[in-house]
Amino acid sequence: MYASAWQVLPWFTLLTALVSLVIIRIVLVTAQSYGLSRFALEMVVRVLVLELIPLSAALFAALRSSMAFDAAALGLARSGVPVDAAAGEALQRLRRDLVPQLLANAFSVLSLAMASSVVVLVLAYLNVYGLSPWGLGDYTRTVGRVFDPTVTVGFVCKTVLFGLAVAVIPSAAILESLRHGWRQRSNVQPGALRLLFVLLLIEASSLALKYV
């Protein structure tokens with residue numbers, strides 16, 4: 001958990017805050033130019049917190065953690081190593097590292113998404129109301145309208161599903177390749193396309209349930 005989440009949490013949160021700050025300013029300026037300032041905060045929360053941050057956390061965790069746990073790390077891509085010896089080494093490492101890796105990857109997605117969401121909510125308040133405490137009531141009402149019970153449950157479920165997908169799919173692809181004795185013939189990580197498809201499917205299903 002420390003290697004998968006805590007080591008990168010400050011950097012991911014900082015990067016997310018910088019990108020979100022730019023998006024927040026664009027949304028606010030655009031809404032003001034069209035006389036829709038009262039909808040700007042709700043739009044920021046819906047687009048950034050509900051949709052973009054969980055997906056970006058899942059992709060980041062997949063690229064850094066799950067995809068690093070690939071066939072090359074398991075010893076299958078080394079030249080000159082017999083298939084039986086490489087498979088035996090890979091199976092030994094899998095027995096030792098697979099379960100901790102699964103738990104750490106799932107926890108990484110959850111922690112990165114939740115921490116970044118809190119930071120973005122604070123940035124949204126500061127950009128809309130500044131340092132004044134008088135906007136807190138209106139801000140909490142707006143955020144509360146967005147995070148009604150149904151949306152909150154959907155947000156948590158989507159983030160959990162992202163974490164499970166990032167944790168399970170790449171490792172399952174590695175196990176499948178070991179079971180069939182395959183060697184890596186491509187630079188694409190095991191399960192990468194499958195994972196991307198599942199993440200997009202979860203996101204599309206979430207959008208369809210909320211807005212269709």
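Just the heavy atoms: all of them, side chains too, but no hydrogens, waters or symmetry mates, feed the values below.
Distance check, rounded to the nearest 0.5 Å: CD1 of Ile53 to CG of Leu121 gives 7.5 Å. Within the model, atoms CG of Leu21 and CD1 of Ile26 stand 10.0 Å from one another, a figure rounded to the nearest 0.5 Å. Atoms NZ and CZ, from Lys210 and Phe155 in turn, are 9.0 Å apart once rounded to the nearest 0.5 Å.
Judged purely by atom type and a 3.5 angstrom limit, Ser132 has no side-chain atom pairing as donor or acceptor with the backbone of Tyr129. For Thr152 (side chain) and Phe147 (main-chain N/O), a donor-acceptor pair under 3.5 Å exists by modelled atom type. Checked by atom type and distance alone, the side chain of Thr140 pairs as donor or acceptor with a backbone atom of Gly137 at under 3.5 Å.
Between Leu123 and Asn127, the closest heavy-atom pair is O-ND2, 2.7 Å. Shown here for Ala115 and Leu9, the closest heavy-atom pair between the two residues is CB-CD1, 3.8 Å.
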Test salt bridge (charged side-chain N to carboxylate O under 4.0 Å, His left out) applied to Glu51 and Lys158, step by step: CA-CA 10 Å; Glu51 309 302 339; Lys158 180 176 72 173; 3.0 Å; yes
Candidate pair Val45 and Thr142, rule side chain to side chain contact (heavy atoms under 4.5 Å, CB included), full reasoning: CA-CA 9 Å; Val45 175; Thr142 302; 5.9 Å; no
Would you please test Leu15 and Phe60 for side chain to side chain contact (heavy atoms under 4.5 Å, CB included) and show each step? CA-CA 11 Å; Leu15 179 62; Phe60 181 84; 5.9 Å; no
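Within 6.0 Å of the OH atom in Tyr34, the count of heavy atoms belonging to other residues, nucleotides or ligands does not exceed 12. Heavy atoms from other residues, nucleotides or ligands lying under 6.0 Å from CG of Leu131 number 12 at most.
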